[in-house]
Structure formats: structure tokens, C-alpha cells
Novice: 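This is the structure I want to talk about, given as C-alpha cells.
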Amino acid sequence: MVGARQQQVLTLLPTCLALAFSLIAVGSSYWCEGTRKVAKPLCLDQPGGPHCSHFSGGHDSDGRRNTGSQVVQYIWETGDDKFIQCRFHVGLWQSCEENLGSTGEKCRSFLSIIPAEEQGVLWLSIGAEILNILLLFTSAILLGSRVSYHSSGFHRLKVDASVAILTVLAGLLSMVAHIMYTTIFQITVNLGPDDWKPQTWDYSWSYCLTWGSFALCMAVSVMAMNRYTAARLEFIEKQRVQKDSRHSQHNFPEPKASESVRETEAAPSPAGRALVSDSAHLLPSAPGKVSMC
């Protein structure tokens, strides 16, 4: 009983961990991250700053710099010096990038960035992730109920079979959602708006969490299926042993009946004894026939 309880706990822990990974990944905006090239703003508020373009304009009659809109402004940076690498990160719901003009980040919906014909695929990916979370949550409830309460062997078989099916479905849904999101993101990188296209990008830690959740789902499914198979074989073996014991108890009086038959066959009949006694009175020298009627 202690060993079975430990196996149940060992199955429940990775299920809860996979559920936590999926929840964190779906709510996070760090599926992918990278940099994109952005033009430097003019150094109006912070002259000489490293993240803005230095310029010189005309001067008025008092010798002060004139920053009016009618004055020609000369920017000294040329080529790549006019641009700065801006970091960004993207998730299922939104895309965020650092705000060069102030502290913090500015975010916008990822759905508004991707091409219109790919928005349905993104919703399918989100739906698959939500179904994955629901299946994992159901599996965790079933395993928790089995750990908390003592149940019969048949109930344990049903729980193991259900958990194996639910976790493998959750893993497959998670895998399909990841593949769809990867395809959508790569299409958006090539066909997305120019003010968003990244120069370099890579997968981030939330994307790794989603694949970790997939691996845990597959591991839990294999463990539950192995335990179901072992319990099923044990249940069948117990049924066979009980059936054999009932059959042997039903056929136990048969040896006594056979012994009585053998004793009856071995005992001489009265007719046989009369024949022996009559033949004993005959003289050996007197010829004759014995007639049996």
C-alpha cells in the first residue's frame, strides 16, 4: 500500500508541474524575443545622450539655438549610427518593446500585428493551449482524489486509464499549439508591418516551458499506462486464481467416489462365492459338467 501511494504521488507531482508550466507560459509574453533596428530620436530633452541623434540648427539674432520647425536641422550621425537596437519580446497575447523616450515598455496586441489571414490560426493555437490546461487540471484532480482516498482495485484501474488518455491528449494539443504559433510567428516576421519586423530573434524561456510541459505530459501518460497495465494483469491473475480455487473445491469429492467404485469392483459377488463352494464339493476324479443356468 505504501509503495502504491508513492507511485501515485510521483505521478501527481509531474502533472501539477506540467500544469504550472502551461499556465505560466500562456500568461507570459516571452515566447520569442529579439532586437529590431529603430531610428534614434532627436536629442531634444537630453542633449548628448547616447540613444538619440545629435543635430545642429540655426541660431536666432540673440545667438540662441532656434529649434523652430522652419529651421534646417543637421544630423551628424550617418549610416548605422542613426539607428539603435531596440529589444522586444512576444507572447500569445501581446508584443512589448522598450520605450526609448522614457522608462518602461510599450505593448500592443499580437493579434493586430499578424496578417489578417493568419488570425484564425492564432485563435486555434490559443484554444489548444486552453484545452491543454483543462485536461491537465482534470488529470490532477483525478490523481489527487486517488491519493487522498482509498479506493478499490477497479476504481484505480479506471483512474489510471483516464489519466493516461487525458495526459496524452493534453500533450498532443500542446505540441500542435506550439507548432501553429511557431508558424504564425515566422510568417509575421516575413510579412508583418515594417515598424515591427525584428532584425534578430530567438525563442525565449516561456517557449521552453511549453515544451517542458509537453515532455512531462508524455512521461505521466507512460507512467499511468504502465501502472494500468500492471494492475490489469494483477487483477486478471487474481480472478483466475479465485476461479481455479472455486473449481477445485467443487470437484473435491470425486476421488472418494472413484475409490468406492474400485472397492465394489474388487469385492467378490455372492454368485461367485456360490460357484466356488459348489465346485469345491466335486471330486477331482469324477468327470462331469457343471451347468450354469
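Computed from a prediction, not measured in an experiment: that's the story for all the values here.
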Novice: Hey, is the main chain of Gln199 close enough, under 3.5 Å, to the side chain of Lys37 for a donor-acceptor pair?
Specialist: no
Novice: Have Ser213 and Ser22 got a donor and an acceptor in their side chains that come within less than 3.5 Å?
Specialist: yes
Novice: Going by heavy atoms in the side chains, are Cys32 and Asp202 under 4.5 Å from each other?
Specialist: no
Novice: Drop me the distance from Arg227's CZ to Asp160's CG, to the nearest 0.5 angstrom.
Specialist: 4.0 Å
Novice: Would you say the side chain of Glu105 lies within less than 4.5 Å of the side chain of Phe88, judging by non-hydrogen atoms?
Specialist: no
Novice: Can you confirm whether Phe137 is buried at CZ, in the sense that more than 12 heavy atoms of other residues, nucleotides or ligands lie under 6.0 Å from that atom?
Specialist: no
Novice: In this structure, is the centre-to-centre distance between the rings of Phe185 and Trp201 below 6.0 Å?
Specialist: yes
Novice: Measuring from atom OG of Ser162 to atom CG of Leu142, what distance do you get when rounded to the nearest 0.5 angstrom?
Specialist: 6.0 Å
Novice: Examine distances only and state if a side-chain atom of Ser174 and a backbone atom of Phe214 form a donor-acceptor pair shorter than 3.5 Å.
Specialist: no
Novice: Counting only N and O atoms by type, is there a donor-acceptor contact under 3.5 Å from the side chain of Asn226 to the main-chain atoms of Val222?
Specialist: yes
Novice: Please work out which of the three classes, parallel, tilted or perpendicular, describes the rings of Tyr207 and Tyr203, given edges at 30° and 60°.
Specialist: parallel
Novice: Under 3.5 Å, is there a donor-acceptor pair between the Thr210 and Tyr181 side chains?
Specialist: no
Novice: Keeping Thr15 on the side-chain end and Thr11 on the backbone end, is there a donor-acceptor pair under 3.5 Å?
Specialist: yes
Novice: Identify the two heavy atoms, one from Met218 and one from Gly171, that lie closest to each other, and give their separation to 0.1 Å.
Specialist: CE-CA, 3.6 Å
Novice: Quick one: do the Thr200 and Thr35 side chains pair a donor with an acceptor below 3.5 Å?
Specialist: yes
Novice: Would you call Cys217 and Val168 a side-chain contact if the rule is heavy atoms closer than 4.5 Å?
Specialist: no
Novice: Over all heavy atoms of both residues, which pair between Pro198 and Arg36 is shortest? Give the atoms and the distance, please.
Specialist: CA-CB, 3.7 Å
Novice: Starting at CG of Leu136, measure out to CD1 of Ile141 and round the result to the nearest 0.5 Å.
Specialist: 11.5 Å
Novice: Side chains of Trp93 and Ser29: does their closest heavy-atom pair fall under 4.5 Å?
Specialist: no
Novice: Distance check, rounded to the nearest 0.5 Å: Glu117 atom CD versus Ile187 atom CD1?
Specialist: 8.0 Å
Novice: Sequence neighbours excluded, which residues qualify as side-chain contact (heavy atoms from CB on, under 4.5 Å) partners of Ile114?
Specialist: Phe110, Leu111, Gln119, Leu122, Ile184, Thr188
Novice: In terms of hydrophobic clustering (I, L, V, M, F, W, Y; side-chain heavy atoms under 4.5 Å; direct or indirect links), are Leu10 and Leu17 co-clustered?
Specialist: no
Novice: Decide yes or no on side-chain contact (heavy atoms from CB on, under 4.5 Å) for Glu118 and Trp123, but give the supporting numbers first.
Specialist: CA-CA 9 Å; Glu118 301 297 332; Trp123 282 115; over 6 Å; no
Novice: Can you tell me if Glu97 and His89 form a side-chain donor-acceptor pair at under 3.5 Å?
Specialist: no
Novice: Less than 4.5 Å apart, side chain to side chain, heavy atoms only: is that true for Leu92 and Ser125?
Specialist: yes
Novice: Which heavy atom in Trp31 sits nearest to a heavy atom in Ser206, and how many Å separate them?
Specialist: CD1-CB, 3.8 Å
Novice: CG of Leu173 to CD1 of Ile133: how many Å apart, nearest 0.5 Å?
Specialist: 11.5 Å
Novice: Should Ile126 and Glu129 count as side-chain neighbours, where that means a heavy-atom distance under 4.5 Å?
Specialist: no
Novice: Consider only side-chain heavy atoms of I, L, V, M, F, W and Y, link residues closer than 4.5 Å, and tell whether Ile113 and Val90 are in one cluster.
Specialist: yes
Novice: Return the OG to CD distance between Ser109 and Gln94, rounded to the nearest 0.5 Å.
Specialist: 8.0 Å
